[in-house]
2 protein chains.
Amino acid sequence: MSDQGRPYAGASREEREYARREQLVAAGISLFGTQGYRAATVGAVCQEAGLNKRYFYESFATLEDLLCEVYERVVADLRGSVLAGGGDDPSRVLHGFMAGFLTWAQANPVMARVHLFEVLGVSERVDELYRSHGRTIGDELASRLSATVTGPQLTAGQQRVLGDVLIGAGLQMAVDWVISEYQPPRDELLNEIDATLGWVLAAGLAALG
Amino acid sequence: MSDQGRPYAGASREEREYARREQLVAAGISLFGTQGYRAATVGAVCQEAGLNKRYFYESFATLEDLLCEVYERVVADLRGSVLAGGGDDPSRVLHGFMAGFLTWAQANPVMARVHLFEVLGVSERVDELYRSHGRTIGDELASRLSATVTGPQLTAGQQRVLGDVLIGAGLQMAVDWVISEYQPPRDELLNEIDATLGWVLAAGLAALG
DNA sequence: CCTTTCTGGTACGAAGTCGTACCAGTTTGC
DNA sequence: GCAAACTGGTACGACTTCGTACCAGAAAGG
């Protein structure tokens, strides 16, 4: 009756399915990152991918499933840029984090839109995925910072607080920066961040006596 | 032909319209804050308000318009709790801000859900409203902090950075806390935040020499 | 008491998307 | 070549919500 998978165009069934899935993911990143997830439909994604609507359901059950896969790719790309550099100085770790984040956001505006705007408030499931990735990166950053300091280590609760602060502050600054169309320029903003951190430390020192 | 507004049930036409509008707003807060905005429909809001669907369009053109009005009420309520207390000590200003935020979130879980989750990613317009309120509160906080310090004042750019950091960090901690069902208890979390702030200051000072 | 307006429930067409099915044309293995 | 399977385009019903309209009953003024 049916071969149930025979070579076609020099590729096996699995290879063709995988290629189509990748086309859908690429189309998803492009569409979600330019028109927005809320404006996207299954039909539009397939048109962008150059595939028939039938092939969408071959790889994904819903548009939200595609968004999750797209978001995984985006976060993987971001992680590489943000957690790449090391550093044994706390302010250098922080600076490297924000520099990596801002550089990535400006170099990949489409992915940045997905990460900073489009995944928000889609569903409980996507929200949970978003928070999960944020917590992972925040924990990683906080433990790195903790490791650069010779004094007392952070407790688990304090590490979570520090992770929240770093992720929340970084996201807010990145969103604000993208909204203002990357003004002021990256290096100028990084200098302002450093200066603000210095101001806070000085103020904290004065308050502590 | 038509009186175009005659007393009914002891209230004029304007009074009845106003009362119905308030009922819709209350129903919106309740529904958006429990079932979620995305699960809400015009019909459900009217049912919750005990009004006919026709009266919805008497006060609002779309469900999103109601969400904007609901959000204005929520932010006004939050502002009162967060910016109420003064303080001439930077750490006291920060502590008062987070204490007010957490207290408000726990005392008003329905409004907190609207502010922390439901307004996110609804539309460009609601996003802009959200960012606008966040920036306003962040600016207010940063300028208050700046005023408590005798040394050099913050530049406009640095004040914006500080506002972003405060709002972003505060929101992230509040979201995390609500998600974990208000664990650890408020006072314990506030102590952890204070301890983390102290740790950061100590680490920063050590790094600065 | 009687007319007029208001109220709330139900009904209905419009619009958009989903998910599937059909159908002609093409490519491959034999 | 030829049959079988694959591909892509179009079409279709199902479903949900919107926004409006209709209709019987209640409440108020004269």
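Each chain gets a letter, A, B and so on, in the order its sequence line appears, and its residues count up from 1.
Straight-line distance from the OH atom of A:Y57 to the P atom of C:dT20: 7 Å, rounded to whole Å. What separates CD of A:Q23 from C1' of D:dG8 is a distance of 13 Å, to the nearest Å. A:F56 has its CZ atom 16 Å from the P atom of D:dG8, to the nearest Å. Between A:E64 atom CD and C:dG19 atom P the separation is 12 Å, expressed in whole Å. Atom-to-atom, CZ of A:F60 to P of C:dC18 comes out at 15 Å; the value is rounded to the nearest Å. Protein atom CD of B:E17 is 12 Å distant from nucleotide atom C1' of C:dC6, rounded to whole Å.
Comment: B:E140 engages B:R144 in a salt bridge, judged by a side-chain N to carboxylate O separation of less than 4.0 angstrom. Salt-bridge formation is detected for the pair B:R73/B:E69: a Lys NZ or Arg NE/NH1/NH2 atom is positioned less than 4.0 Å from an Asp or Glu carboxylate oxygen. A salt bridge is defined here as a Lys NZ or Arg NE, NH1 or NH2 lying under 4.0 Å from an Asp or Glu carboxylate O, and B:D164 with B:R135 fails to meet this definition.
Where B:N52 and B:L63 each meet DNA chain D at their nearest nucleotide, the meeting point lying more 5' is that of B:L63. Residues A:T62 and B:G50 each lie close to DNA chain C; by heavy-atom proximity, the contact nearer the 5' end of the strand is made by B:G50.
Classified by interplanar angle (parallel below 30°, tilted 30° to 60°, perpendicular above 60°), the ring pair A:Y71/A:H115 is parallel.
Listed nucleotides D:dA11, C:dG9, D:dG19 differ in distance to A:K53; the shortest reach to its side chain belongs to D:dA11. Relative to the side chain of B:R54, the nucleotides D:dG19, D:dG8, C:dG8 differ in distance, and C:dG8 lies closest. Of the candidates C:dT10, D:dT7, C:dT7, C:dT7 carries the atom nearest the B:R20 side chain, counting heavy atoms from C-beta on.
Heavy-atom distances under 4.0 Å link DNA chain C to no residue of residues 37-49 of chain B.
Side-chain atoms of A:Q158 and B:T196 include no donor-acceptor pair closer than 3.5 Å.
The phosphate of C:dT7 (OP1 or OP2) has a side-chain N or O of B:Y55 nearer than 4.0 angstrom. OP1 or OP2 of C:dT7 sits under 4.0 Å from a side-chain N or O of B:R16.
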Do any side-chain atoms of residues 117-124 of chain B form donor-acceptor pairs under 3.5 angstrom with protein atoms, and if so which ones, sequence neighbours left out?
residue	atom	partner	partner atom	Å
B:E118	OE1	B:Y37	N	2.8
B:E118	OE2	B:R113	NE	2.8
B:E118	OE2	B:R113	NH2	3.1
B:S123	OG	B:E64	OE2	2.9
B:S123	OG	B:R125	N	3.4
B:S123	OG	B:V126	N	3.2
B:E124	OE2	B:R131	NH2	3.3

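Within a 6.0 Å radius of CD in A:E72, other residues, nucleotides and ligands contribute more than 12 heavy atoms.
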